[in-house]
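Remember, it's a predicted structure, so these values are computed and weren't measured experimentally.
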Amino acid sequence: MNVIRCIKNGDYTVSFQIAGHISKSPVFVFCVTVLTSSVVAIAYWIGLPYWWHRNPYLTVFLVIFGNWLLLNIVFHYYMAVTTPPGHPPNGAMLVEAAGICKKCISPKPPRTHHCSVCDKCILAMDHHCPWLNNCVGFFNARYFYLYMAYMVAGVTFIIVFGIDIGYVVIWINDPDAATLKDDPELIGHPLRMNQSGVLVPVKDILEYDSENFPREHILPTPLITEAQLISADPWKRKAVFFVAVACIAVFIALGGLVVMHTKNIGRGETSIEYHINTTMRKQNSNFRNPYNLGKKKNWRKFLGLTQGRTFIRHVLFPSRHAPTGTGLTWHATGDLEDWP
């Protein structure tokens, strides 16, 4: 097993070297699938009964909202993994060419870069992502970004509505709640303290029943909350700890990536182009990204919100619509007459 570094964007991936050819490993896709499924299963196992006990009406809303997030997470991840990022056509004449790929020995369209892991040229390549076992390029960049955005929203949803459980289980950690629940109800009869400090039964007639036996009194027992019962179960306690660590880690990791890609999309550039353009700006202060059409048009083009498509239908809900254009030619700053 070799660890190969993609020089252009500093990303890492694991692959197997077989007879001089690189074969990508889907192990990271398997890990993402298992991790996501585990968190969802624990949320139903522990979180759903907890909130149903507190407020059934709110629980119905949480289930609907949570499954909407889950639907978008699963859809966009599946599409990002299975959708080819886009490759220059073999043997076709290109209207525009930015150069010749030294590895493919063929013309490269603008914004195209060669991926050393896939060993192919990728249209509008952003980076090679091991968690997708795929390159992020022209045709699947939207799926990749929306997957990250919905995943961050999903783990935030679990953190916000699971913080009370996490506080009791992880911070307070009251494993004795089950013992208190299983104790029989306390019974007894009234007592009083005489002058010598000795406790003696109260013998007032009102405290006796018709057969002249002391009345039994049901004494109050401590109130046990649902969170305490979860804390008392060792398996549930471990599950809550696992979800807390996983969600916080994903929130920090993917949250940072979402912020970075959000800035890049607003500037009309990929991750590779960000590094290239930063170097160009240092060399020439007058350099401007020719593919920056303005923040609003950059976002509309990236999300495919052209030709009558809407944010609610094509972003808030799963949509398989293709990006605008072919990935072979691009609108430049001074050429917007044919804006779709």
Side-chain angles (χ1 to χ4, degrees), residues 1-4 6 9 11-16 18 22-48 62-86 115 117-118 122 125-137 139-162 165-166 235-236 238-258 260-261 271 315-320:
M1 180 182 294
N2 298 326
V3 178
I4 298 175
C6 182
N9 61 351
D11 201 0
Y12 289 87
T13 186
V14 177
S15 28
F16 295 92
I18 303 176
I22 296 175
S23 176
K24 297 181 292 180
S25 169
V27 64
F28 290 110
V29 175
F30 176 78
C31 291
V32 171
T33 303
V34 171
L35 179 63
T36 304
S37 301
S38 300
V39 171
V40 172
I42 293 172
Y44 271 97
W45 177 36
I46 296 177
L48 182 59
L62 294 180
V63 169
I64 295 174
F65 185 78
N67 279 279
W68 168 70
L69 290 174
L70 179 61
L71 174 64
N72 277 287
I73 290 171
V74 173
F75 171 81
H76 288 103
Y77 184 72
Y78 174 80
M79 294 300 297
V81 171
T82 59
T83 303
C115 175
V117 179
C118 297
I122 306 298
M125 179 178 176
D126 190 277
H127 69 289
H128 184 92
C129 181
W131 302 103
L132 300 180
N133 194 36
N134 198 6
C135 265
V136 177
F139 287 102
N140 66 347
R142 178 178 66 90
Y143 297 130
F144 169 73
Y145 176 80
L146 290 179
Y147 159 70
M148 293 195 302
Y150 278 113
M151 179 62 83
V152 171
V155 297
T156 302
F157 170 79
I158 293 177
I159 291 172
V160 170
F161 291 99
I165 300 175
W235 286 104
K236 289 184 177 181
K238 292 176 182 178
V240 170
F241 184 79
F242 167 78
V243 170
V245 172
C247 287
I248 292 174
V250 170
F251 178 84
I252 294 173
L254 285 188
L257 286 176
V258 167
M260 182 189 74
H261 283 275
S271 297
V315 176
L316 294 184
F317 291 93
S319 175
R320 295 171 59 95

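With hydrogens and angles ignored, the 3.5 Å screen pairs no side-chain donor or acceptor of Asn133 with any backbone N or O of Val81. In this structure, the side chain of Asn140 engages the main chain of Gly137 through a donor-acceptor pair within 3.5 Å.
Here Met151 contributes atom CE and Leu70 contributes atom CG; the two are 8.5 Å apart, rounded to the nearest 0.5 Å. If you take CG on Leu254 and CE on Met260, they are separated by 11.0 Å, rounding to the nearest 0.5 Å. Expressed to the nearest 0.5 Å, how far CG of Leu132 lies from OG1 of Thr82 amounts to 10.0 Å. The NE2 atom of His127 lies 7.0 Å from the CG atom of Leu257; values are rounded to the nearest 0.5 Å. Within the model, atoms CD1 of Ile248 and OG1 of Thr156 stand 11.0 Å from one another, a figure rounded to the nearest 0.5 Å. Atom CG of Asn134 is separated from atom CD1 of Ile122 by 8.0 Å, given to the nearest 0.5 angstrom.
Met125 is listed as a side-chain neighbour of Cys135, based on a closest heavy-atom distance under 4.5 Å. Residues Val245 and Phe241 are in side-chain contact: their nearest non-hydrogen atoms beyond the backbone lie under 4.5 Å apart. Within the 4.5 Å cutoff, side-chain heavy atoms of His261 are placed close to those of Asp126.
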Scan the side chains in residues 40-48 for donor-acceptor partners under 3.5 Å anywhere in the protein, sequence neighbours excluded, and list what turns up.
unit_1 : atom_1 : unit_2 : atom_2 : d
Tyr44  : OH     : Asn67  : OD1    : 3.1
Tyr44  : OH     : Asn67  : ND2    : 2.8

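In plain terms, the two heavy atoms of Ile159 and Cys247 that are nearest each other are CG1-CB, 3.9 Å. Shortest non-hydrogen contact noted between Ala246 and Leu35 is CB-CD1, 4.0 Å. What you find for Ser319 and Arg142 is that their closest heavy atoms are O-NH2, 3.0 Å. What you find for Phe144 and Cys129 is that their closest heavy atoms are CE1-SG, 4.1 Å. Across Val136 and Ala141, no two heavy atoms sit closer than the pair CG1-CA, 3.8 Å.
Counting non-hydrogen atoms of other residues, nucleotides and ligands closer than 6.0 Å to CZ of Phe242 gives a total above 12.
Among residues two or more places apart in sequence or in another chain, the ring pair (Phe, Tyr, Trp, His ring centres under 6.0 Å) test is passed with Tyr150 by Trp68, His76. A search for ring pair (Phe, Tyr, Trp, His ring centres under 6.0 Å) contacts involving Tyr145 returns Trp299, Phe302, not counting sequence neighbours. Residues passing the ring pair (Phe, Tyr, Trp, His ring centres under 6.0 Å) test with Tyr147, sequence neighbours excluded: Tyr77. Checked against ring pair (Phe, Tyr, Trp, His ring centres under 6.0 Å), Phe157 has the following partners two or more places apart in sequence or in another chain: Phe65, Phe161.
Here side chain to side chain donor-acceptor pair (under 3.5 Å) pairs that include residues 31-43, with residues two or more places apart or in two chains, number zero.
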